[in-house]
Protein chains: 2
Amino acid sequence: MSSTDASRAAGSDWRREKRERTRRLLQQHAMRLFLEKGFEATTVEEIAAAAGVSHMTFFRYFPTKEDAALEDDYDPMIADLIAERPADEPAIDKIRHALTHGLNQLYDSERDVLLARMRLVYRTPALRAGTGSRRDADQRLLIEALAPTADGSRAGLHLRVVVAAALAATTEAIRYWAESNGADDLRHLINEAFDALRAELTHEAPVDESAD
Amino acid sequence: MSSTDASRAAGSDWRREKRERTRRLLQQHAMRLFLEKGFEATTVEEIAAAAGVSHMTFFRYFPTKEDAALEDDYDPMIADLIAERPADEPAIDKIRHALTHGLNQLYDSERDVLLARMRLVYRTPALRAGTGSRRDADQRLLIEALAPTADGSRAGLHLRVVVAAALAATTEAIRYWAESNGADDLRHLINEAFDALRAELTHEAPVDESAD
DNA sequence: TCTAACATGTTAGTAGCTAACTTAACGGGG
DNA sequence: CCCCGTTAAGTTAGCTACTAACATGTTAGA
């Protein structure tokens, strides 16, 4: 059993480095071509050729063309930050603070590339659709970070709703940011989005549960 | 200009009826085959053959295979119900009540087919992704119903966040319903989902906006 | 050195989707 | 009554994302 979980991640340094370099190369050329000629107009063959590999190698690294535009490694970082939050903090605030703190670490170095990517995503229908499937994975990750006992798929409705709403607020902030071409600070927009949600729901209103 | 907007919708009764019949046929056979053999294992050619048309005709009615499984006409109904709500009601409650009232009109007649469809969607990754793109359209529709003045795309961040969160809560309720095989009443789950959101956000918590 | 594991390539195929052109059925104006 | 524009559908051919089967060279370790 020399090819277990560990070996695929490690795999003797030599291979691991090569793997990571090839992957990075593919993703960089993919993003460059997407931004130059658009997502649909770029074929997988072109990306592979630009990175000096065959199209089969591309699919060995990215299951779909969309993944080359959408994949990043922010989510585990957010999950870690959530786990570090005080245990008595409400879930929605854990998420909010993990997001803003995480963004602080990235904003200076990665703001521009993140903005370019998001602008591409929101101008490309195929990519906008792709974010839908990713949201599932994000949601499960956050749920596990918030409630390590219950596994993600069987979490209670309450927790699922809270995480889904938090992700929705974040998505809207990011989309707004991308549409206004990065005019505002994304961290500020995220805080605004969470505030909007709280404001809307603390205007206590008559909730008639016996809807006939 | 005899082929304007109106003529495509109307088009002399004769043709319109035929169009609607063909469309219904295609969708019914598509759903039947999807449920019988799974979404991926069903080809467009099969669906077209079952409905007695060619695969080109299928694509004239549904832009993608996914649309044959996802399209319905609930959204305009919800939008209408929202517009009928009292003007001073908060947006989130307008949505909530429109949803439960709309469901009341459908539940007896369409509960079973809706449940079967949702179970198919949540067990098929390609369809789960497809719901992402539809959410965009739904969101825009609801925003227009809530604020007819501002056009959907340029709505304020606040309104977008509220609608997105409401849709997220609804989606989670539906998913929970589908996963538990329709054990609970969907209307009850939707109310629970909205209550969960309110409960989470009315536990006033220390919101430290100066996240360093 | 021999062998197992691994990254990659080659080739051939499937299926979703599009475009260009054709055919056929109706339907109103001359 | 017939011509012609509109509309529904078919035929054919092609592009591209994605998969599977098999081959090749290269490194790791016994």
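Naming: A, B, ... by sequence-line order, numbering from 1 per chain. Both backbone and side-chain heavy atoms feed into the values below; hydrogens, waters and symmetry mates do not.
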With the side chain of [X] defined as its heavy atoms from C-beta on, choose the nearest nucleotide among [options].
X       : options                : answer
A/Met56 : C/dT8, D/dT11, C/dT10  : C/dT10
B/Tyr61 : C/dT8, D/dT11, D/dA8   : D/dA8
B/His55 : C/dA12, C/dT18, D/dA9  : C/dT18
B/Lys65 : D/dG10, D/dC18, C/dG16 : C/dG16

message: Need one value for A/Phe62: base, sugar-phosphate or nothing, where a base atom within 4.0 Å counts as base even if backbone is also close, heavy atoms only.
response: nothing
- prompt: When all nucleic acid strands are considered with a 4.0 Å heavy-atom cut-off, which category describes B/Phe58: base, sugar-phosphate, or nothing?
  reply: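 Touches nothing.
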In whole angstroms, how far is the [atom2] atom of [N] from the [atom1] atom of [X]?
X       : N      : atom1 : atom2 : result
B/Lys18 : C/dA24 : NZ    : P     : 14 Å
A/Glu46 : D/dA17 : CD    : C1'   : 13 Å
A/Phe59 : C/dT10 : CZ    : C1'   : 16 Å
B/Arg16 : D/dA8  : CZ    : P     : 12 Å
B/Ile47 : C/dG16 : CD1   : C1'   : 11 Å
A/Glu66 : D/dT16 : CD    : P     : 17 Å
A/Arg19 : C/dA5  : CZ    : C1'   : 13 Å

Pair [X], [Y]: side-chain N/O donor-acceptor within cut-off below 3.5 Å:
X        : Y        : result
B/Arg96  : B/Thr170 : no
A/Asp67  : A/Thr64  : yes
B/Glu110 : B/Gln105 : no
A/Glu89  : A/His97  : yes

- prompt: Relative to the 5' end of DNA chain D, which residue comes earlier, A/Thr64 or B/Gly52, by the nucleotide with the nearest heavy atom?
  reply: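 Result: B/Gly52.
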field: Under 3.5 Å: donor-acceptor pair, side chain of B/Tyr107, backbone of B/Leu186
entry: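 It does hold such a pair.
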A/Thr57 vs C/dA7: side-chain N/O to OP1/OP2 distance below 4.0 Å: no
task: Take atom NZ of A/Lys37 as the centre, draw a 6.0 Å sphere, and report whether it contains more than 12 heavy atoms from other residues, nucleotides or ligands.
output: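 Atom NZ in A/Lys37 is packed in, count exceeds 12.
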field: Enclosure of A/Tyr61 OH (heavy-atom neighbours >12, cutoff 6.0 Å)
entry: yes
query: What parts of residues 21-45 of chain B reach DNA chain C, counting only heavy atoms under 4.0 Å away?
result: B/Thr42, B/Thr43, B/Val44
